[in-house]
Protein chains: 2
Amino acid sequence: MPRPSAPSTPPRASATGRGARTRAAILEAATRVFAVHGYRGGSLAAIAGEAELTQPGVLHHFPSKEHVLMAVLQERDRENVKQLRSGPWHDGGVTALRTLLGLVEDNAIARERVQMFTALVGEGVSAAHPAHDFFVERYAHLRYQLIRALQRGQDAGEFRSDVDMAMIASLVLAAMDGLQIQWLLDDEETMPPRFAVLLDMLVTYLAAEPPAPG
Amino acid sequence: MPRPSAPSTPPRASATGRGARTRAAILEAATRVFAVHGYRGGSLAAIAGEAELTQPGVLHHFPSKEHVLMAVLQERDRENVKQLRSGPWHDGGVTALRTLLGLVEDNAIARERVQMFTALVGEGVSAAHPAHDFFVERYAHLRYQLIRALQRGQDAGEFRSDVDMAMIASLVLAAMDGLQIQWLLDDEETMPPRFAVLLDMLVTYLAAEPPAPG
DNA sequence: GTCTATACCAGGATAGAC
DNA sequence: GTCTATCCTGGTATAGAC
């Protein structure tokens, strides 16, 4: 006589429950598929295949392909943010810039995630794309955080105060994105040393003017 | 008695013949459609609609959608190259960098072309994309040209000689691409002033060391 | 929670009339 | 050189069995 409240397959499928295992597998599979075929070119069937279930199986965990897209973006973005939080990012100034180099180094061994983001942001520049708003907000947020970190450097007297840090922040983010593109298109184009050169230039450029001599 | 060799509709449809008119219209339409929907998301029907003919009409001028893609890329790329050739690019050094700023300024008023390139290079980072090889070669070529221009600056004693210009070239191209992404995602993020800041930093950084004093 | 079967739509390419 | 009509494939999403 089986006990009524102990089914061999637990019914709940909340994000933190045991049902989260296949959900995670789907998001990993979607990362790979979107990296290769983009969102528009990546089929649910392909994702299902990599996650070892069927296409309707995927749609049991996510109501639509668009929901898979947004979940992947949020999940993978969280990883980046966590990486930054773990470093001495909040000290600002040169220390924050060095933390950014660490992020670039981490990306250099995470080709799949980088390629996914590059492929999806390319599609996302169009307002017609479902992830457009996500990327608009993501870049606004990243710039805001970076501007604040640079301004802490100014407040500490580490950086000269006559430079618009909004422009510097844009440039630093731009370099990261652009180096990713070239790296993905040509493995020889390593990112970290190139990004380090930018940081060198930047630190030199931002070095506080010495107190007017004589 | 009609002359046998003067048909009212000329049979030839070479690239320079009278049949090139609709061909150009198709390429313009494809630029717009690919900018908004990318290659994978942009249908021949949509291109046909914008060019004011039917989908099989498009396939009369190009054997396949892929041929349309490659023709658009080559056509629009030619325009960029022409722009560079018209400036004092070949002088190298600071003059070449200033010519690059001119290119960025031209791009800032050519949103459609920029968005098309950004959308397509995003798809193109994947080796599975038909334009992958095009972009690999395009970036290799651009880097090569830029490296040579920077080295002319070194040869002229304008730039210090202890810096690897390959890295600088990568960084400059990266900044251009990355600034385009941010501009497309947020109109407020103007490109030319930000790129100008990079060039400022660069010129300062590359300034030849003064002859060792004392 | 996963499956099979299927409805439904859209895209690329081809055939053939005009 | 452009059209209409059609073929074929592949995609998302849903219904319903297990």
Side-chain angles (χ1 to χ4, degrees), chain A residues 2 5-30 33-34 36-72 123 128-131, chain B residues 6-27 29-30 32-34 36-72 123 128-131:
Chain A
S5 48
S8 61
T9 351
R12 72 191 173 117
S14 77
T16 52
R18 307 194 233 352
R21 260 213 324 273
T22 62
R23 187 193 148 94
I26 290 171
L27 292 183
E28 256 191 56
V33 170
F34 289 157
V36 174
H37 303 288
Y39 169 66
R40 293 189 269 238
S43 72
L44 287 175
I47 295 170
E50 297 237 354
E52 293 185 304
L53 75 170
T54 61
Q55 181 253 5
V58 172
L59 288 182
H60 173 76
H61 293 270
F62 299 91
S64 75
K65 186 186 179 185
E66 204 172 310
H67 282 80
V68 177
L69 171 68
M70 298 314 291
V72 169
E123 294 183 328
H129 195 275
Chain B
S8 60
T9 349
R12 70 190 173 121
S14 76
T16 51
R18 308 196 229 355
R21 258 213 326 272
T22 62
R23 188 193 147 95
I26 290 170
L27 292 183
R32 279 195 293 274
V33 170
F34 289 157
V36 174
H37 300 105
Y39 169 66
R40 292 189 268 240
S43 72
L44 287 175
I47 294 170
E50 296 237 355
E52 293 184 306
L53 74 170
T54 60
Q55 183 252 9
V58 173
L59 289 183
H60 173 77
H61 293 269
F62 299 90
S64 75
K65 187 186 178 184
E66 205 172 309
H67 282 79
V68 177
L69 171 68
M70 298 314 291
V72 170
E123 294 182 329
H129 195 275

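It should be emphasised that the depicted structure is a prediction, and the values quoted were computed from it without experimental measurement. Sequence lines set the chain letters: A, B, ... in the order given, protein chains first and strands last, and positions in each chain run from 1.
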TODO: Compare all side-chain heavy atoms of Thr22(B) with those of Leu53(B) and state whether any distance is below 4.5 angstrom.
DONE: no

- [ ] Report yes if the side chains of Leu69(A) and His129(A) come closer than 4.5 Å at any heavy-atom pair, otherwise no.
- [x]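 Yes, their side chains come closer than 4.5 Å.
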
What is the distance, rounded to the nearest whole Å, between atom [atom1] of [X] and atom [atom2] of [N]?
X: Leu59(B); N: dA5(D); atom1: CG; atom2: P; value: 18 Å
X: Ile26(B); N: dG1(D); atom1: CD1; atom2: P; value: 11 Å
X: Phe62(A); N: dT14(D); atom1: CZ; atom2: P; value: 16 Å
X: Arg21(A); N: dG1(C); atom1: CZ; atom2: P; value: 11 Å
X: Arg40(B); N: dA10(C); atom1: CZ; atom2: P; value: 21 Å
X: Glu52(B); N: dC3(D); atom1: CD; atom2: C1'; value: 15 Å
X: Gln55(A); N: dC3(C); atom1: CD; atom2: C1'; value: 12 Å
X: Leu44(B); N: dA10(C); atom1: CG; atom2: P; value: 16 Å

Open item on the list: What's Gly41(A) touching, base or sugar-phosphate or nothing? Going by heavy atoms closer than 4.0 Å.
Closed with: nothing

Task: Main-chain N/O of Tyr39(B) paired with Glu123(B) side-chain donor or acceptor, under 3.5 Å - done: yes

Task: Any donor-acceptor N/O pair, Arg40(A) side chain to His37(B) backbone, under 3.5 Å - done: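 Pair found, side chain donor or acceptor close to backbone of His37(B).
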
- [ ] Give the nucleotide from the list dT12(D), dG11(C), dC3(D) with an atom nearest to the side chain of Pro56(B).
- [x]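 Selected nucleotide (nearest to the side chain): dC3(D).
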
TODO: Side chain of His60(A) only, please: which of dG1(D), dT2(C), dA15(D) is the nearest?
DONE: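 Per side-chain heavy atoms of His60(A), the pick is dT2(C).
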
Task: His61(B) vs dT2(D): side-chain N/O to OP1/OP2 distance below 4.0 Å - done: yes

- [ ] Ignoring backbone atoms, establish whether Thr54(A) has a side-chain N or O less than 4.0 Å from OP1 or OP2 of dT2(C).
- [x] no

